[in-house]
Amino acid sequence: MLKIYNTMTRQKEVFKPIEEGRVRIYTCGQTVYDDVHIGNARTYSSWDVVVRYLRYKGYDVFHVQNFTDVGHLTDDADQGEDKIEKRAREENINPWELVDKQIQEYWQVIDNLNIQRPNISPRATAVIPDMIEIIKILLEKGYAYEVEGNVYYDTFKFKDYGKLAKLKLDEEKAQARVVQDPLKRNYYDFALWLNARKGDQIHIMRWNSPWGEGYPGWHLECSVMGMKYLGETLDIHGGGIDHIPTHHPNEIAQSEAATGKKFVNWWMHAEFITLNGQKMSKSLGNYVTARELIDEHGGLVVRMGLVSGHYRSAVDWNPKVIENAKSNIEKIRNCLNNIEHSSGGNSETLKSAIKEVRSSFEEAMDDDFNTPRAFAAIYEFIKQVNSSLDNKKEILNKARDTLIELLGVLGLDFTKKKGFDDKKINELMEIIINIREQSRKEKNYELSDKIRKKLREVGIQIEDGAEGPRWKITT
RNA sequence: GCCAGCGUAUCCUAGUAGUUAAGGAGGCGGCCUGCAGAGCCGUUGCUUUCAGCAUCGUGGGUGCAAAUCCCACCGCUGGCUCCA
């Protein structure tokens, strides 16, 4: 029985989708003006675990994630500049070019981290007509107002605005330090549509609308896409915790005012990670992109580091995390190697362990996707397997398949063997190993140890086991 | 200033009232090995033969029972600007 923590109620609730066997999930994607950083990667990995586990449980999951390519301003009080256009100007390229470039980069990172791509990844600019329709409805129903070619959502008209974030409107308003957009009626009001002309500046990306040439506000796209591709009520909506105070309350207000129906059943929020104990930010200069980390350590290691902590915990990203991830990956690889090289025996002791690992894994994951507990189950199992290599070969194979399957649910792909598929290299290694075996037989350990040492220096480890020597790649 | 959350053994991380605080990393000891590696077993708060005592930031409180609930304090992080 799967339980998922719902930010709206602040507790774990038994998950039940609207339509049996089918899950409609929307997750907030990237504003594609900058590279994916490790925090983004953490959040997307979390949703990937959610989606994969739901699929593992037999749900037909339909996942939509947006690309924000217009309308996300540098200042949430609707006073700033469009992030995309700003960056494009800085790089002296067309905003559309920037968007294309960033999306390509995005997919590379996502693929390297073995994150399943969403079923649909629409761009905000692809749903402009739908946005205009929603704005019209909101104006008709009196939830929005037009001022000088801008359309704003009137948050005072929407009952329970800010419920998700437990905002106390008046108090918060009094604390506000941001500069208020003078055209807005209330502090919390936000832009649905913005005039493309501001003074003598003209927004490059702009569309015709009943309110003149303009472009959409940031929050609207998520409501529109969610409703367009998933229906008026979503089973799950995910995002980073930073979206709890503003973005998600706005989504709720827009969608529910337009449809009169509940927008989302489960709100899920992923915690931020810290970097060496500190908030990660550009101003502190400790900003790390996913690309750098993947290039340095490989996608599997980064992914392992990211899913080792629970998605609602603020885990710290530091060298120790990477080191742990590496050793654990080695542990798993060694176990799979041990299985492969074992010729098996007559024992059947692993049969029950195979069942156990699956049930404890599921028990952990059913508890709000508790990946650390899931790993605990897997590591216990690995220990059992390593000490039960005398099981029948078919049982060992079943153990291997189970291990690979469960790790796969966490997005860790152990189907690819680390090593060379090159036939020549395998033949070469065979020659070297034979020479070394010859010298070992002659008790010329000086030579055999030298061969082993030299190979190790280039990242090849020879292991002398009871069933003869074998080798593996270590770097 | 206001709001939210966190503090678990050497380190990382689960556990949010019910016998021995899960798991991992690192350290140490052992088995195995010609030696390594891998793996397995034990150990990793204190006194230790058996055993006993302590322990989840600190101090109080509630309960038969607390890492877990309540209060205070100390420390840390995040949000109230943009963020995943």
Side-chain angles (χ1 to χ4, degrees), chain A residues 10 27-31 33-34 36-47 72-77 79-81 83 165-168 171-179 218 238-247 269-274 277-283 287 305 308-316 318-328 330-331 333-335 337-338 341 360 364 367 370-380 382-389 440 443-446 448-449 452-453 456 461-466 469-472 474:
Chain A
R10 313 277 153 138
T27 58
C28 286
Q30 187 97 351
T31 300
Y33 75 105
D34 207 353
V36 180
H37 62 244
I38 185 64
N40 296 318
R42 198 265 175 118
T43 302
Y44 303 140
S45 299
S46 302
W47 306 143
H72 197 163
L73 306 186
T74 55
D75 181 323
D76 213 23
Q79 285 291 290
E81 199 179 347
K83 289 183 174 185
K166 296 186 168 172
L167 295 178
K168 293 167 193 157
E171 292 173 32
E172 299 258 336
K173 190 179 166 186
Q175 302 290 337
R177 292 183 303 188
V178 284
V179 181
W218 171 44
I241 47 155
D242 54 308
H243 287 152
I244 297 174
T246 309
H247 183 52
H269 291 96
E271 251 291 354
F272 273 13
I273 62 175
T274 51
Q278 266 190 319
K279 172 191 180 173
M280 178 171 64
S281 75
K282 290 176 186 176
S283 54
Y287 187 87
S308 307
H310 189 253
Y311 79 95
R312 281 194 294 115
S313 292
V315 297
D316 188 45
N318 58 51
K320 188 75 187 179
V321 169
I322 297 165
E323 195 187 306
N324 275 344
K326 281 183 180 165
S327 344
N328 283 321
E330 272 312 299
K331 184 213 294 284
R333 282 224 172 93
N334 286 329
C335 179
N337 274 336
N338 288 338
H341 288 97
S360 8
D367 184 16
N370 195 324
T371 49
R373 261 173 64 197
F375 276 114
I378 286 170
Y379 295 141
E380 278 286 294
I382 284 176
K383 228 187 253 182
Q384 285 170 312
V385 172
N386 282 332
S387 54
S388 313
L389 293 169
R440 286 182 72 211
K443 300 217 189 291
N444 182 357
Y445 293 125
E446 197 188 332
S448 59
D449 287 356
R452 188 171 61 193
K453 184 166 169 275
R456 199 177 182 182
Q461 174 74 49
I462 289 189
E463 300 180 334
D464 300 318
R470 52 174 152 152
W471 64 280
K472 67 177 182 185
T474 57

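Letters go in sequence order (proteins before strands), and every chain restarts at 1. Not measured: the values here are computed from a predicted model.
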* Whole angstrom is fine here: how far is it from CD in A/Glu380 over to C1' in B/rC40? => 13 Å

* Residue-phosphate contact under 4.0 Å: A/Lys320 side-chain N/O, B/rU13 OP1/OP2 -> no

* **Any N/O donor-acceptor pair, A/Arg456 side-chain to B/rG37 base, under 3.5 Å** => no

* Given salt bridge (Lys or Arg N to Asp or Glu O under 4.0 Å), test A/Glu330 with A/Arg333 step by step and report yes or no. => CA-CA 5 Å; A/Glu330 272 312 299; A/Arg333 282 224 172 93; 3.8 Å; yes

* Hey, does the side chain of A/Asn370 reach the backbone of A/Arg373 with a donor-acceptor pair shorter than 3.5 angstrom? -> yes

* For B/rC70 versus B/rU16, give the span between their P atoms, rounded off to a whole number of Å. => 14 Å

* **Aromatic ring of A/Phe375 stacked on base six-ring of B/rG23, 5.5 Å, 30°** => no

* Is A/Ile462 touching bases, backbone alone, or none of the nucleic acid, heavy atoms closer than 4.0 Å? -> base

* Check whether any side-chain N or O of A/Lys331 sits under 4.0 Å from OP1 or OP2 of B/rA25, and answer yes or no. => yes

* **B/rC28: pairing nucleotide in any strand, Watson-Crick or G-U under 3.5 angstrom** => B/rG42

* Asked: Do A/Tyr445 and the base of B/rG34 stack face to face, with centres under 5.5 Å apart and an angle between planes under 30°?
  -> yes

* Asked: With respect to the phosphate group of B/rG15, does any side-chain polar atom (N or O) of A/Asn370 fall under 4.0 Å of OP1 or OP2?
  -> yes

* Asked: When we call it a touch if two heavy atoms are under 4.0 Å apart, what does A/Asn386 touch: a base, just sugar-phosphate, or nothing?
  -> sugar-phosphate

* A/Ser448 side chain near B/rG34 phosphate (N/O to OP1/OP2, under 4.0 Å) -> no

* Is the shortest side-chain N/O distance from A/Asn40 to OP1 or OP2 of B/rA84 below 4.0 Å? -> yes

* Is A/Ser308 reaching over with its side chain to a backbone N or O of A/Ala325, donor-acceptor style, under 3.5 angstrom? -> no

* To do: Give a yes/no on whether any side-chain N or O of A/Asn334 is located under 4.0 angstrom from OP1 or OP2 of B/rA38.
  => no

